[in-house]
Amino acid sequence: QVQLVESGGGMVQPGDSLRLSCAASGRDFNTYAMGWFRQVRGKERTFVAGINWNGGSTNTVDSVRGRFFISRDNNKNTVDLQMNSLKPEDTAVYFCAAAPGLLLTTELNRYISWGQGTQVTVSS
């Protein structure tokens, strides 16, 4: 099972960009699909973006499509989330997660390893 640590959160203004990074330790990173989720206080954690084992397939939720891009580097055991044109409604704690298997998944219950989360705040 992999261990995950996120970095790159912060406070930005609407329209700005941020890049979140997730570093994985442990064995066989390339046997996991990876995902980014976000959670607003008092609400459920929701899927933002996912990527399959080799980066050849990605998916993003409609609300961020065309603004957020997920990528991975299996040589470095990292998965990143590039967030552009940020909006106040993107404010949340962002979590990196790993799901065993080669295919990407949007289902939260498939993910078995989670990072501690990183806060992203978009405000003028």
Side-chain angles (χ1 to χ4, degrees):
Q1 191 163 332
V2 294
Q3 292 78 46
L4 305 172
V5 178
E6 303 99 336
S7 61
M11 179 178 290
V12 296
Q13 294 186 339
D16 285 352
S17 297
L18 270 180
R19 188 175 185 89
L20 305 183
S21 187
C22 174
S25 60
R27 298 182 62 181
D28 301 326
F29 175 70
N30 62 358
T31 66
Y32 290 85
M34 299 298 296
W36 285 94
F37 291 74
R38 65 188 180 186
Q39 186 170 22
V40 176
R41 187 186 299 272
K43 296 189 176 181
E44 293 184 349
R45 192 171 299 186
T46 60
F47 173 82
V48 176
I51 191 166
N52 74 330
W53 72 280
N54 68 353
S57 180
T58 63
N59 189 18
T60 50
V61 69
D62 286 348
S63 60
V64 307
R65 192 161 295 152
R67 299 189 297 121
F68 289 16
F69 302 92
I70 187 171
S71 61
R72 68 188 293 164
D73 186 334
N74 286 347
N75 292 319
K76 297 180 179 179
N77 283 11
T78 58
V79 58
D80 291 350
L81 183 68
Q82 177 66 41
M83 305 186 296
N84 301 324
S85 302
L86 282 160
K87 303 176 180 180
E89 52 263 42
D90 295 319
T91 295
V93 178
Y94 284 72
F95 296 89
C96 172
L102 303 183
L103 303 179
L104 74 84
T105 176
T106 64
E107 298 178 27
L108 184 147
N109 291 336
R110 291 283 314 279
Y111 289 84
I112 63 170
S113 296
W114 293 85
Q116 82 286 355
T118 185
Q119 176 70 47
V120 172
T121 302
V122 185
S123 175
S124 55

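Since the structure is predicted, the reported quantities are computational estimates derived from the model, not experimental observations. Count residues from 1 along the sequence.
Shown here are the side-chain contact (heavy atoms from CB on, under 4.5 Å) partners of E89, two or more places apart in sequence or in another chain: K87. The salt bridge (charged side-chain N to carboxylate O under 4.0 Å, His left out) search around D80 returns R19, not counting sequence neighbours. Q39 is linked by a side-chain contact (heavy atoms from CB on, under 4.5 Å) to R45, F95, counting only residues two or more places apart in sequence or in another chain. Every residue two or more places apart in sequence or in another chain that forms a side-chain contact (heavy atoms from CB on, under 4.5 Å) with S85 is listed here: R67. For S17, the side-chain hydrogen bond (donor to acceptor under 3.5 Å, both in side chains) partners two or more places apart in sequence, or in a different chain, are N84. For V122, the side-chain contact (heavy atoms from CB on, under 4.5 Å) criterion is met by V12, P14, L86, P88, D90, T91, V120, not counting sequence neighbours.
Across all non-hydrogen atoms, the minimal contact from N77 to G26 is ND2-O, 4.2 Å. Residues T31 and L102 share a closest heavy-atom pair of CA-CD2, 4.2 Å. Across every non-hydrogen atom of A24 and L4, the tightest pair is CB-CD2, 3.6 Å. In terms of heavy atoms, E6 sits closest to G117 at OE1-N, 2.9 Å. The heavy-atom pair separating R72 from F29 by the smallest distance is NH2-O, 3.1 Å. In this structure, W36 and V79 approach most closely via the heavy-atom pair CZ2-O, 3.6 Å.
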Q: Tell me, with the steps shown, if T58 and I51 meet side chain to side chain contact (heavy atoms under 4.5 Å, CB included).
A: CA-CA 4 Å; T58 63; I51 191 166; 3.6 Å; yes
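Within the model, atoms CG of L81 and OG1 of T118 stand 11.0 Å from one another, a figure rounded to the nearest 0.5 Å. Rounded to the nearest 0.5 Å, atoms OG1 (T78) and CE (M34) are 9.5 Å apart.
Applying the salt bridge (charged side-chain N to carboxylate O under 4.0 Å, His left out) definition to pairs two or more places apart or across chains, none involves residues 95-121. Applying the ring pair (Phe, Tyr, Trp, His ring centres under 6.0 Å) test to every pair with at least one member in residues 47-94, sequence neighbours left out, gives these pairs: F37-F47. Residue pairs meeting the disulfide (SG to SG under 2.5 Å) criterion with at least one member in residues 40-92, sequence neighbours excluded, do not occur. For residues 40-94, no pair satisfies disulfide (SG to SG under 2.5 Å), with sequence neighbours left out. The disulfide (SG to SG under 2.5 Å) pairs that include a residue from residues 40-78 number zero, where partners must be two or more places apart or lie in different chains. The stretch residues 19-103 participates, sequence neighbours left out, in these disulfide (SG to SG under 2.5 Å) pairs: C22-C96.
Shown here is L103, whose CG atom has no more than 12 heavy atoms of other residues, nucleotides or ligands within 6.0 Å. Counting non-hydrogen atoms of neighbouring residues, nucleotides and ligands closer than 6.0 angstrom, the CD atom of Q116 exceeds 12 such neighbours.
Under a hydrophobic clustering in which Ile, Leu, Val, Met, Phe, Trp and Tyr are joined whenever their side-chain heavy atoms come within less than 4.5 Å, directly or via other members, L20 and V2 fall into the same cluster. By the rule that hydrophobic residues join a cluster once side-chain heavy atoms approach within less than 4.5 Å of another member, M83 and V64 end up as members of one cluster.
Panel note: side chain Y111, backbone T105; a donor-acceptor pair is recorded below 3.5 Å.
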